[in-house]
Amino acid sequence: MKPQFILPAVAALLCGLSSAHAHELPQGAEPLQQSEQCAACHPQIVKEWQESFHAKSSVHKDSAHNAMHQAFSKAMTAQGKKPTYHCAACHAPMADNMKALMSGEAAPDSSNASQTEGVGCSFCHRIEAVTHGKSFDQYTLNKDGAYKTSRPTNPKAAHKTGQSPLFADGQICMGCHSQYVNPHEVPICVMTEEGKGNCVRCHMEKAEGAPAAGSEAKTHISHRFPGGHDADMLRKAAALELKVESTGKERVVSIAVKNTTEHTFPSTNPMRMAFVKVRAKNKSGAVIWENFKADPLKEDKQAVFFKAFKAGDKVGVPSWEAEAMAFDTRLKTGETRTLRYPLYSPEISEVEAELIYLLFPPKAIEGFGIPKDGVNDQRFSVAKKSVQMQ
Ligand code: HEC
Ligand code: HEC
Ligand code: HEC
Ligand code: HEC
Ligand code: HEC
């Protein structure tokens with residue numbers, strides 16, 4: 001038997017299982033330009049974007065996404081179905097053979113630059129409308145090729161620009177980031193319910209340097225899009241408080257974990273996991289108690305922020321089988337969760353708590369062959385506190 005949290009990991013890849021529709025570039029529209037064509041005039045923004053996961057989102061550049069797509073394809077083949085790369089709708093939105101990728105007629109091809117591009121400049125900046133779909137949403141792009149922002153048309157630009165209110169608060173993000181609901185109507189990733197904050201304010205902060213060569217502006221909006229892969233961003237996600245209370249003879253440590261993002265922590269992706277590790281030490285610094293040794297989900301589930309799905313009474317099924325949520329212990333927007341542990345040993349003189357974040361649980365890495373490349377297997381310390389006692 002596989003441990004139960006391998007399977008919910010599969011859920012992430014199911015954002016959009018139904019062989020839905022590709023994003024639309026209207027008939028006769030200007031072709032999509034490659035991001036490197038922006039580099040001569042927007043060098044800094046291009047460099048930031050290249051470091052972001054939007055530039056690495058396809059199977060050709062994201063080793064974790066590639067491993068999960070292979071696991072998905074194997075599962076489909078085992079069921080006698082044609083493996084598809086429908087993931088392309090969000091992970092390779094500029095692919096020039098989108099429909100064939102989504103139906104399984106074509107396989108991903110690393111020599112096709114429109115696939116390796118990922119979520120490129122001209123895709124985002126040509127978004128005209130986001131249409132709400134049943135299982136996931138989709139985009140219509142503009143015909144005239146103008147690059148839009150929320151600001152009025154800019155005569156200083158070397159190309160057509162346009163104004164769209166969708167850019168001001170992140171509505172343009174929602175065609176890919178809003179939702180996936182499976183055929184049983186189980187919400188797999190639903191950002192629209194997890195938070196309604198302004199995505200751009202937190203994920204695209206101001207950075208030094210002009211937005212374009214020759215521009216007089218001193219700052220621009222960063223395109224690094226920090227998220228779960230970024231230690232500094234993760235430190236903004238939660239706050240941790242630690243207190244030891246004595247009630248007569250008994251000492252109890254209480255640990256309050258507060259979500260300081262404006263969406264669930266960890267957000268959307270069902271593979272992300274966070275947990276609190278608590279250690280109590282004696283005077284010489286030796287650890288004499290800890291809340292778990294190897295597996296927090298088995299040994300101290302209350303300290304884990306994670307979600308999993310079920311079918312019938314089977315917990316931990318992949319999202320395409322999911323009939324309901326088995327549990328969702330992630331921190332909701334604005335939530336503070338308090339964990340309490342009695343400190344039985346009188347020898348305890350220091351307690352330490354650390355909030356740890358993993359992109360993928362270790363067993364998912366093993367189970368799906370997600371490469372341990374120093375990226376996917378990172379272990380981030382989000383917050384850490386300790387108290388000394390007499
Ligand atoms: C409806 C859009 C959508 C579809 C379709 C989709 N994804 Fe994603 N996927 C996303 C978004 C958005 C993220 C980033 C959000 C996050 O990590 O919380 C993401 C993140 C991921 C990640 C994490 C990547 C990393 O580097 O850590 C994996 C793995 C993944 N998806 C696999 C898949 C696979 C495999 C498929 C197809 C079988 C798929 N996704 C289909 C939107 C989608
Ligand atoms: C020949 C130079 C040049 C190239 C190439 C170029 N741009 Fe620009 N772009 C500019 C200039 C100049 C501005 C105006 C900067 C300012 O006003 O500070 C601009 C502004 C913009 C804006 C902001 C418009 C606004 O003011 O709100 C966007 C978005 C944009 N460009 C996208 C792109 C994209 C995407 C590409 C590549 C497909 C690209 N540009 C290629 C020169 C260029
Ligand atoms: C065309 C689809 C698409 C659009 C539009 C889009 N994203 Fe993404 N985004 C993705 C995918 C796919 C990933 C996951 C890439 C991967 O890791 O493989 C992702 C990843 C991310 C991440 C996680 C980075 C990390 O380190 O894991 C953040 C943050 C993010 N997007 C924010 C935004 C914001 C903010 C917007 C709107 C301004 C936006 N995205 C628009 C598809 C999109
Ligand atoms: C995931 C979507 C997304 C991608 C990909 C993207 N942008 Fe943007 N970009 C935005 C948003 C959102 C804004 C903020 C617009 C606003 O304030 O109205 C923005 C702002 C800009 C601006 C104005 C910056 C300023 O400070 O005035 C320029 C120029 C620009 N982008 C160029 C690019 C270029 C070049 C690329 C590719 C390297 C790119 N963008 C990729 C979403 C995106
Ligand atoms: C108040 C600031 C704030 C706002 C507003 C906000 N985020 Fe985040 N977001 C964060 C922080 C901090 C993290 C890192 C913690 C985490 O991954 O949960 C994060 C993480 C993410 C991730 C990375 C998940 C991963 O698996 O790597 C995605 C995707 C994301 N946010 C998308 C969005 C979208 C889309 C919006 C708009 C609806 C949004 N965020 C609004 C602060 C914010």
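Start at 1 with the first residue, then count along the sequence. Counting starts at 1 for both ligands and their atoms, following the listed order.
- Using a 4.0 Å cut-off to heavy atoms of Ser215, the atoms of ligand 2 that qualify are 16 (C), 18 (O).
- Residue Met191 has at least one heavy-atom neighbour below 4.0 Å for each of these atoms of ligand 5: 30 (C), 32 (C), 33 (C), 34 (C), 35 (C).
- Those atoms of ligand 2 with a heavy atom of Ala212 less than 4.0 angstrom away are 11 (C), 13 (C), 15 (C).
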Would Lys385 and Glu241 count as a salt bridge (Lys or Arg N to Asp or Glu O under 4.0 Å) here? Give the steps. CA-CA 7 Å; Lys385 288 266 166 79; Glu241 292 302 331; 3.6 Å; yes
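- Not one N or O of His65 is nearer than 3.5 Å to an N or O of ligand 3, by distance alone.
- Contact annotation: for His229 versus ligand 3, heavy atoms closer than 4.0 Å belong to both the backbone and the side chain.
- Every atom of ligand 3 is numbered from 1 in the order shown, and the set under 4.0 Å from a heavy atom of Ile172 is 5 (C).
- Listed by number with element, the atoms of ligand 5 under 4.0 Å from a non-hydrogen atom of Phe265 are 15 (C), 16 (C), 18 (O).
- Distances below 4.0 Å separate heavy atoms of Gly227 from the following atoms of ligand 3: 26 (O).
- Contacts between Ala64 and ligand 3 below 4.0 angstrom, taking non-hydrogen atoms only, are absent altogether.
- With a 4.0 Å heavy-atom cut-off, ligand 3 is reached by the side chain of Pro93 but not by its N, CA, C or O.
- Annotation: atom 15 (C) of ligand 5 to nearest protein heavy atom, Ala237 CB, 3.4 Å.
- In terms of polar-atom proximity, Tyr139 is not counted as a contact of ligand 3, lacking any N or O under 3.5 Å from an N or O of the ligand.
- When distances to atom 8 (Fe) of ligand 2 are checked against a cut-off of 2.8 Å, His159 contributes an N, O or S atom below that limit.
- For atom 1 (C) of ligand 3, the nearest protein heavy atom (residue, atom name, distance) is Cys176 SG, 2.7 Å.
- With ligand atoms numbered from 1 in the order given, ligand 5 contributes 23 (C), 25 (C), 27 (O) to contacts under 4.0 Å with heavy atoms of Gly228.
- Each of the atoms 35 (C) of ligand 2 lies under 4.0 Å from some heavy atom of Cys121.
- From the protein, the heavy atom lying nearest to atom 24 (C) of ligand 5 is Ser267 OG, 3.1 Å.
- Of all atoms in ligand 2, listed by their number and element, those nearer than 4.0 Å to a heavy atom of Gln37 are 5 (C).
- The residue from His263, Lys236, Met174, Arg330 that puts a heavy atom closest to atom 19 (C) of ligand 5 is His263.
- The shortest N/O to N/O separation between Arg272 and ligand 5 falls below 3.5 Å.
- Put simply, Cys202 stays out of reach of atom 8 (Fe) of ligand 5, with no N, O or S atom under 2.8 Å from it.
- Counting backbone and side-chain atoms alike, His42 contributes an N/O/S atom closer than 2.8 Å to atom 8 (Fe) of ligand 2.
- Taking a cut-off of under 4.0 Å to the non-hydrogen atoms of Gln33, the atoms of ligand 2 that pass are 38 (C).
- Taking atom 38 (C) of ligand 5 as the reference point, the nearest protein heavy-atom neighbour is Cys199 SG, 2.7 Å.
- Each of the atoms 12 (C), 18 (O) of ligand 3 lies under 4.0 Å from some heavy atom of His91.
- Residue Glu335 qualifies as enclosed at atom CD: its count of foreign heavy atoms under 6.0 Å is above 12.
- Taking atom 28 (C) of ligand 3 as the reference point, the nearest protein heavy-atom neighbour is Phe225 O, 4.1 Å.
- The shortest separation from a heavy atom of Gly170 to ligand 5 is not under 4.0 Å, leaving the residue out of contact.
- Atom 8 (Fe) of ligand 3 has no N, O or S atom of Cys173 inside 2.8 Å of it.
- When heavy-atom distances to ligand 5 are checked against a 4.0 Å cut-off, Glu262 comes that close through both its backbone and its side chain.
- Residue contacts with ligand 2: Thr161 is placed with no nitrogen or oxygen under 3.5 Å of a nitrogen or oxygen of the ligand (distance criterion only).
- Nearest protein heavy-atom contact of atom 18 (O) of ligand 3 is Asp62 OD2, 2.5 Å.
- Taking distance alone, with nitrogen or oxygen atoms compared against 3.5 Å, His203 approaches ligand 5 more closely than that limit.
- Ligand 3 has no nitrogen or oxygen under 3.5 angstrom from a nitrogen or oxygen of Asp230.
- Distances below 4.0 Å separate heavy atoms of Gly197 from the following atoms of ligand 5: 5 (C), 37 (C), 38 (C).
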